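Remember, predicted model here, so these are calculated numbers, not experimental data.
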Number of protein chains: 2
Amino acid sequence: MDFPIGELSRRAGVLVPTVRYYEQVGLLPPAPRTEGGRRRYGQADVERLAFIRHARELGFGIEAIRELLALVAQPDRPCAEVDGIARRHLVGVERRIARLTALKTELSRMIGECGHGRVGECRVIEVLSDHGLCVDDSH
Amino acid sequence: MDFPIGELSRRAGVLVPTVRYYEQVGLLPPAPRTEGGRRRYGQADVERLAFIRHARELGFGIEAIRELLALVAQPDRPCAEVDGIARRHLVGVERRIARLTALKTELSRMIGECGHGRVGECRVIEVLSDHGLCVDDSH
DNA sequence: CTTGCTCCTCTAGCCGCTAGAGGAAGTAGG
DNA sequence: CCTACTTCCTCTAGCGGCTAGAGGAGCAAG
């Protein structure tokens, strides 16, 4: 119930330098130290760190996670804010998907039209050279 | 047929500091200078820069663009390499779409299950706290 | 000749880590 | 007690692809 950073790292599945980074940016509180200056952690830190890790895996940014952690500390407040943060993130993810899907379409078309001849006649190069050859000019 | 960086910027639709950055990383050749030390450009630079811009819009990285530009300079070579670069990029884009789509699914589910009560009972927080509540553990 | 615009270089910042240097603390075995 | 080994510490720099800002010089028009 009182272990060093490496153990925390293993338990939460987060690299040691990343743990220190999270402390630095304020996602984890400054850990108490041994006489020799080493950080000591407890079970609560494992849970907090696992929360952070999972949120990161779901693509939340550091700032959003900071807000989520602040809200977790106030369990009696309505969860509209939590909902809002998650929804905003979802909208961002959907936008990125839409953009990447447009890219994918354009790339596929470009590649499909390549006649596998020489660079000088390559459709891929032509399309890159002339935006007018794109179907969708959203980019 | 001999204009400064601001004019190049306008014609190609690329910000001035970005043009200088592209020169720095070798996508554009070092521009000839006036006596006063200012860069001068011609029509060929507009086309090269437009090519770079379009490739960036399609998500190609600087390194890939460097390779593409080197290939454009050798129009008689077979375009298999061009094709390869584009295909590799397409695969990367598809992977990112797949990943984001999985995120989107998880986020939507999480948000849909939120009962709009208090933070303490919020499903969003619960899911973030416990990875076991995720349907797909690919993340 | 002065105003105002454009241009120059250089440095730092964005995000979220990751890597490495150089050194100190802690632990296990002889 | 000494050594060897591992883990930990701080600090700095780097990734990609720009973007912003400081501080100064060139240049064209009025």
Note: for B:E35 and B:G61 on DNA chain D, the residue whose nearest nucleotide lies more 5' is B:G61
Does anything in residues 66-73 of chain B come within less than 4.0 Å of DNA chain C? Heavy atoms only, and list the residues if so.
none
Residues in side chain to side chain contact (heavy atoms under 4.5 Å, CB included) contact with A:T18, at least two apart in sequence or another chain:
A:V14, A:L15, A:Y22
Near DNA chain C, under 4.0 Å by heavy atom, which residues of residues 3-17 of chain B?
B:P4, B:I5, B:G6
Going by atom type alone, with no hydrogens or angles, which donor-acceptor pairs under 3.5 Å involve a side-chain atom of residues 70-78 of chain A and a protein atom two or more places apart or on another chain?
from	atom 1	to	atom 2	distance (Å)
A:Q74	OE1	A:R77	NH1	3.2
A:R77	NH2	A:E81	OE2	2.4

Who pairs with B:A31 by side chain to side chain contact (heavy atoms under 4.5 Å, CB included), at least two apart in sequence or on another chain?
B:E23, B:R39, B:Y41
Checking A:R66 now: which residues fulfil salt bridge (Lys or Arg N to Asp or Glu O under 4.0 Å) with it, not counting sequence neighbours?
A:E63
Salt bridge (Lys or Arg N to Asp or Glu O under 4.0 Å) against B:D45, all qualifying residues, sequence neighbours excluded:
none
When you list every nucleotide of DNA chain D with an atom under 4.0 Å from a heavy atom of chain B, which one comes first 5' to 3', and which comes last?
D:dG17 to D:dC27
What pairs with A:R38 under salt bridge (Lys or Arg N to Asp or Glu O under 4.0 Å), at least two apart in sequence or on another chain?
none
Which residue pairs pass the salt bridge (Lys or Arg N to Asp or Glu O under 4.0 Å) test when at least one of the two sits in residues 2-18 of chain B, sequence neighbours left out?
B:D2-B:R40, B:E7-B:R10, B:E7-B:R11
Strictly below 4.0 Å, heavy-atom distances to any atom of DNA chain C: list the hits from residues 37-48 of chain B, or just say none.
B:G37, B:R38, B:R39
ring-ring contact (aromatic ring centres under 6.0 Å, His included): pairs with one or both residues in residues 57-96 of chain A, sequence neighbours excluded
A:F60-A:H89
